[in-house]
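Read the structure below first, then the notes.
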Amino acid sequence: MLYGQEHVRRYQETGGAEGHAWQGTTVLLLTTTGRRSGKPYTTPLIYQEDHGNPVVVASKSGDPADPDWFLNLRANPEVQVQVRDDKFTARARVATPEEKPPLWKKMTATWPDYDEYQSKTDREIPVVILERV
């Protein structure tokens, strides 16, 4: 099973042939710019498409703190995305309160653990839309 930086490496080497399909769902690679370091960081994330835009969840498995990649994109919303062999620049934004419920439903349909993660934390888990630039 692929995970972490090994997942990123295999995904990049194979144009997503290895790593896009993962545990019954789909994964993209999100590259953010470190808010303190200025270095690029690539994270494999479960995603679904909505109106042609990838959508991801900043769950960190229900941890009380937001994931680093989310903090990075809040500081600099211009990100790089790879879906299979399609690489593009996107502007990341948090779904509005009106947008979130149907997107949350879509994301929990592909990864039901998101509901459990939300129940474990007082933090409202953000849903992030990656709009192609």
Side-chain angles (χ1 to χ4, degrees):
M1 177 179 77
L2 293 176
Y3 184 76
Q5 289 310 300
E6 175 65 10
H7 194 144
V8 170
R9 187 178 68 74
R10 297 296 300 141
Y11 198 115
Q12 290 171 332
E13 286 176 355
T14 66
E18 290 183 40
H20 179 263
W22 182 79
Q23 295 195 0
T25 188
T26 53
V27 171
L28 58 69
L29 298 182
L30 176 70
T31 302
T32 59
T33 302
R35 62 198 177 284
R36 291 188 296 263
S37 69
K39 294 178 183 173
Y41 292 96
T42 302
T43 307
L45 296 169
I46 293 169
Y47 82 99
Q48 289 291 290
E49 294 252 340
D50 186 69
H51 301 292
N53 294 312
V55 175
V56 296
V57 176
S59 69
K60 200 175 178 182
S61 300
D63 192 271
D66 287 319
D68 286 339
W69 64 262
F70 180 74
L71 297 174
N72 289 343
L73 69 76
R74 289 303 293 251
N76 180 358
E78 186 169 296
V79 297
Q80 299 301 311
V81 179
Q82 181 175 347
V83 176
R84 294 190 176 99
D85 63 352
D86 182 20
K87 299 175 186 177
F88 57 93
T89 300
R91 178 162 285 283
R93 68 176 181 84
V94 175
T96 66
E98 297 76 30
E99 291 171 315
K100 185 176 177 181
L103 294 175
W104 185 263
K105 187 174 182 180
K106 180 179 279 204
M107 295 306 294
T108 58
T110 194
W111 196 255
D113 289 353
Y114 288 135
D115 282 328
E116 178 192 335
Y117 301 161
Q118 183 60 77
S119 72
K120 287 171 34 178
T121 184
D122 292 333
R123 166 176 75 89
E124 182 174 339
I125 295 177
V127 174
V128 177
I129 301 166
L130 304 171
E131 297 177 328
R132 204 181 274 261
V133 173

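Sequential numbering from 1 along the given sequence is applied to the chain's residues. Scope of the values below: all heavy atoms of this structure, side chains included, with no hydrogens, waters or symmetry mates.
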Working note: Tyr47 + Leu130, criterion side-chain contact (heavy atoms from CB on, under 4.5 Å); need CA distance, chi angles, decisive distance, verdict. CA-CA 10 Å; Tyr47 82 99; Leu130 304 171; over 6 Å; no
For [X], give me all partners under side chain to side chain contact (heavy atoms under 4.5 Å, CB included), at least two apart in sequence or on another chain.
X	value
Thr14	Arg10, Ala17, Glu18
Glu99	Arg93, Ala95, Thr96, Leu103, Ile129
Ser61	Tyr117
Thr43	Leu45, Trp69

Indicate yes or no: does [X] engage [Y] in a salt bridge with an N to O separation below 4.0 Å.
X	Y	value
Asp68	Arg35	yes
Asp115	Lys105	no
Lys60	Asp66	no

Report the C-alpha separation of Thr33 and Asn72 in whole Å, then their side-chain angles, then the decisive distance to 0.1 Å, and conclude whether the side-chain contact (heavy atoms from CB on, under 4.5 Å) test is met. CA-CA 6 Å; Thr33 302; Asn72 289 343; over 6 Å; no
Tyr41-Leu28 co-clustered via ILVMFWY side chain contacts under 4.5 Å: no
What are the two closest heavy atoms between [X] and [Y], and how far apart are they?
X	Y	answer
Pro44	Gly4	CG-O, 3.9 Å
Met107	Val56	CE-CA, 4.3 Å
Pro67	Arg123	CD-NH1, 4.2 Å
Thr31	Pro40	CG2-CB, 3.8 Å
Thr121	Gly62	CB-O, 3.2 Å

Between His20 (side chain only) and Tyr11 (backbone N and O only), is there a donor and an acceptor less than 3.5 Å apart? no
Tell me if a side-chain donor or acceptor on Lys100 pairs with a main-chain N or O of Val94 at a distance below 3.5 Å. no
Is the number of heavy atoms from other residues, nucleotides or ligands within 6.0 Å of NZ (Lys87) greater than 12? no
Tell me whether Glu131 at atom CD has more than 12 heavy atoms from other residues, nucleotides or ligands lying less than 6.0 Å away. yes
Counting C-beta onward and ignoring hydrogens, is there a side-chain heavy-atom pair between Ile125 and Val57 closer than 4.5 Å? yes
For the residue pair Gln118 and Asp113, establish whether any side-chain heavy-atom pair is separated by less than 4.5 Å. no
Could you go through residues 73-83 and list every donor-acceptor pair under 3.5 Å that involves a side-chain atom there, pairing it with any protein atom two or more places apart or in another chain?
from	atom 1	to	atom 2	distance (Å)
Asn76	OD1	Glu78	N	3.2
Gln80	OE1	Thr89	OG1	3.2
Gln80	NE2	Thr89	OG1	3.0
Gln82	NE2	Arg84	O	2.8

Any chance you could lay out the side-chain contact (heavy atoms from CB on, under 4.5 Å) test for Val55 and Lys106, step after step, and finish with the verdict? CA-CA 9 Å; Val55 175; Lys106 180 179 279 204; 6.0 Å; no
For Phe70, give me all partners under ring-ring contact (aromatic ring centres under 6.0 Å, His included), at least two apart in sequence or on another chain. none
Residue pair Thr42, Gln12: steps toward the side-chain contact (heavy atoms from CB on, under 4.5 Å) verdict: CA-CA 10 Å; Thr42 302; Gln12 290 171 332; 4.2 Å; yes
